[in-house]
Amino acid sequence: MAKGITTRASDYSKWYLDVIDAADLAEHSAVRGCMVIKPNGYALWENIQSQLDAMFKETGHQNAYFPLFIPESFMKKEAEHVEGFAPECAVVTHGGGKELEEKLYVRPTSETIIWSTYKKWIQSYRDLPILINQWANVVRWEMRTRLFLRTLEFLWQEGHTAHATRQEAVAETKLMIDVYRRFAEEYLAAPVFVGVKTAAERFAGALDTYCIEAMMQDKKALQAGTSHFLGQNFAKAFDVTFQDENGALEHVWATSWGVSTRLIGALIMTHSDDNGLVIPPRLAPIKVVLVPIWKDESQRAMMVEATDRLTKGWKGRIAFKVDDREQYRPGFKFNEWEKRGVPLRVELGPKDLESNQVILVRRDTGEKIAAPQEGLLEKIEQLLEEIQSALYQRARVFRDANTFEEDDFQAFQKLIEEPGGFFWVHWCGQAACEATFQETSKATIRLIPIDGSKEQKAAALFAASRRPLEYWWQNLISRIALILQPCGVRRIL
RNA sequence: CGGGGCGUAGCGCAGUCCGGUUAGCGCGCCUGGUUCGGGACCAGGAAGUCGGAGGUUCAAAUCCUCUCGCCCCGACCA
């Protein structure tokens, strides 16, 4: 069937790499831990970028660009931030053949360089809010890497906003995690849980880290995006103050939020199958591929001409490709475009020409549909939307079927190993208990839900569990943690 | 940094233990022909500092020493 692609069942990690290879998305570079994103992979990123960028603009943000290099002294200003990032930073010590007076960190994230700049931009409440995003590359010296999921250098966007009040900053943090949720659901076709991280998993320097967590086909979690409420930590570290309406001097409130090329990893692991990549139509660089079929030279000319006629007027309306290469037979082409995840294939052969029809083949289901040539573009557009929503539904059903509630810790320890999945469980809010969870079950707390959907249940479960009241974290008293299997690929920030 | 594995054609590998023709095989690539509704076939062809350096030897991909790099497992991971 799919030559060269390891099945998911036999070796999931190998399958993941095989899919990337088969779809020609990326490859390892000469530099350890760094990847080359090839045209097919980059086209996906460009589509992700343009959609997200539009969503950022809609919510009032503007793009800007800050330097790759950050003076060491900046990195060291915010205590938690230093501690969190120092171990994984690349540091430049020489420039122009001379040792630098002050070392320069290659940005692992840009809070420090940005807040040192915001200090100059902000004097009055009239200067706020500042709503800026930047598309950039960052470097984090990870010990183990996997293509798209964790590499030393990766591409991302990082939003950095400044506000006059706590409420406004919190609202911004929530707004942006909701933008990410919408993007994941409507474009990646990936259902996500939204919540906040525990203190242990929080961004270094944040008061709260909101996240979206998606379930991959191996039932493990992938952190797909984070949005941080930074409080006044960076404003204090960089002494960024403003005068309010009453003339009082106050520190500015901050947020930051980001998603990265890891989303491509999420896309692969959410939808792809043993035949290769599956791309949700809305993000597909090529949405339809047309394969004319012929037996001899004269037929070839006829079929290519028919294909041209059929696609007349499609340009600018839909991203399509006609594969009329002579050196490959149809079967080869079918397979090639399947591996590459093109959502829909149109076959057009002599028989179809006679009966004024085409054969449509869905990448997600493999279903073949005979359709009239009349009104083909409309039919295709409709099918693409169907595929988009079918992919979401399929992923949703899979996730829900593998998400459980469990009251009993002993039972949970067994279930997390087999069958695995996501588990809503009790957590008292104490770091010590979180550590125990992780040590004894190899599970991590992925998030604490914020949408209130679990609160009733939590209260009930809490009563039933008879745990001492003081173990509950006051702010989160009715929340339950989402816990799941440990995953080598669990965070983006 | 610890444990294990691997560097031979673009890719995947055999050959290395036990030194000895012109270093092979599959895929891919190039040329020509026949094919073409689910990964075509035939014929011909191009392509290699055997990771690097040094040594042993009449002779090294093969033996010895050093060295570089990569992969997997662990440690690490806001």
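Below, chain A is the first sequence line, B the second, and so on; all start at residue 1.
Straight-line distance from the CG atom of A/L207 to the C1' atom of B/A78: 13 Å, rounded to whole Å. Per the geometry, NZ belonging to A/K333 stands 14 Å off P belonging to B/C36, to the nearest Å. The OH-P distance, from A/Y16 to B/C71, rounds to 15 Å in whole Å. In this structure, the CG atom of A/D21 is 17 Å from the P atom of B/G10, given to the nearest Å. Per the geometry, CZ belonging to A/R146 stands 13 Å off P belonging to B/C71, to the nearest Å. When rounded to the nearest whole Å, the span between CD of A/E27 and P of B/C11 equals 10 Å. Per the geometry, NZ belonging to A/K38 stands 11 Å off P belonging to B/C11, to the nearest Å. Between A/E142 atom CD and B/C71 atom C1' the separation is 18 Å, expressed in whole Å.
Remark: the separation of the P atoms in B/C25 and B/G3 is 40 Å, to the nearest Å. Taking atom P on both B/C71 and B/G26, the two are 30 Å apart, rounded to the nearest angstrom. To the nearest whole angstrom, the two P atoms, one in B/C68 and one in B/C27, are 38 Å apart. Nucleotides B/C18 and B/U62, compared at atom P, are 14 Å apart to the nearest Å. Rounded to whole Å, the separation between the C1' atoms of B/A61 and B/U49 comes to 12 Å. Using C1' as the reference atom, B/G54 and B/G45 are 39 Å apart when rounded to the nearest Å. Rounded to whole Å, the C1' atom of B/U56 lies 11 Å from the corresponding atom of B/U65. Taking atom C1' on both nucleotides, B/G15 is separated from B/C63 by 16 Å, rounded to a whole Å.
Here A/R32 lies in heavy-atom contact (under 4.0 Å) with sugar-phosphate atoms only. No engagement by A/K14 is indicated, since no non-hydrogen atom pair under 4.0 Å with the nucleic acid exists. Using a 4.0 Å heavy-atom criterion, one finds that A/R345 contacts the bases of the nucleic acid, with or without backbone contacts as well. Residue A/P87 is out of contact with every strand shown, counting any heavy-atom pair closer than 4.0 Å. When heavy atoms are screened at a 4.0 angstrom cut-off, A/E83 is found touching no nucleic acid atom at all.
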Pairs: protein N or O with nucleotides 28-33 of chain B N or O, under 3.5 Å:
{"from": "B/C29", "atom 1": "OP1", "to": "A/Y328", "atom 2": "OH", "distance (Å)": "3.4"}

Which atom pairs link the protein and nucleotides 40-47 of chain B when you take only N or O atoms and keep those under 3.5 Å?
{"from": "B/A40", "atom 1": "OP2", "to": "A/R329", "atom 2": "NH1", "distance (Å)": "3.3"}
{"from": "B/A40", "atom 1": "O4'", "to": "A/R329", "atom 2": "NH1", "distance (Å)": "2.6"}

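Between A/Y118 and A/W115, the ring-plane angle classifies as perpendicular under the 30° and 60° cut-offs. Using cut-offs of 30° and 60° for the angle between ring planes, the A/F234 and A/F238 rings count as parallel.
Of all nucleotides present, only B/C6 satisfies the Watson-Crick or G-U wobble test against B/G69, with each distance under 3.5 Å. Applying the Watson-Crick and G-U wobble criteria (two distances, each under 3.5 Å), B/G28 pairs with nothing in any strand. A 3.5 Å limit on both hydrogen-bonding distances identifies no Watson-Crick or G-U partner for B/G37. Across all strands shown, the partner of B/C58 is B/G20, judged by Watson-Crick or G-U wobble contacts whose two distances both fall under 3.5 Å. Applying the Watson-Crick and G-U wobble criteria (two distances, each under 3.5 Å), B/C76 pairs with nothing in any strand. Applying the Watson-Crick and G-U wobble criteria (two distances, each under 3.5 Å), B/G48 pairs with nothing in any strand.
Aromatic ring centres of A/F56 and A/W257 lie closer together than 6.0 Å. Taking the six-membered ring for Trp and the full ring otherwise, A/F66 and A/H160 have centroids separated by 6.0 Å or more. Aromatic pair A/F85/A/W141: ring centres not closer than 6.0 Å. Aromatic ring centres of A/W45 and A/W135 lie closer together than 6.0 Å.
Checking B/G37, B/C70, B/G38 against every side-chain atom of A/I293, the shortest atom distance belongs to B/G37. For A/R150, the listed nucleotide lying nearest its side chain is B/C77; candidates were B/C77, B/A78, B/G38. Checking B/C36, B/C77, B/G38 against the side-chain heavy atoms of A/W294 singles out B/C36 as nearest.
The pair A/R363-A/E338 fails the salt-bridge criterion, with no side-chain N (NZ, NE, NH1 or NH2) lying under 4.0 Å from an Asp/Glu carboxylate O.
At least one cation-pi condition fails for A/R345 and A/W337: the charged atom is not both under 6.0 angstrom from the six-membered ring centre and inside a 45 degree cone around its axis. A cation-pi arrangement, defined by a distance under 6.0 Å to the six-membered ring centre and an angle within 45 degrees of its axis, is absent between A/R399 and A/F422.
For the atom pair CD (A/E158) and CG (A/N133), the distance works out to 8.0 Å, reported to the nearest 0.5 Å.
Comparing A/G349 and A/A86 along RNA chain B, the residue whose closest nucleotide (by nearest heavy atom) sits nearer the 5' end is A/G349.
In terms of modelled atom types and a separation under 3.5 Å, the side chain of A/K197 and the main chain of A/D208 share no donor-acceptor contact. Between the side chain of A/D274 and the backbone N or O of A/T7, no donor-acceptor pair lies under 3.5 Å.
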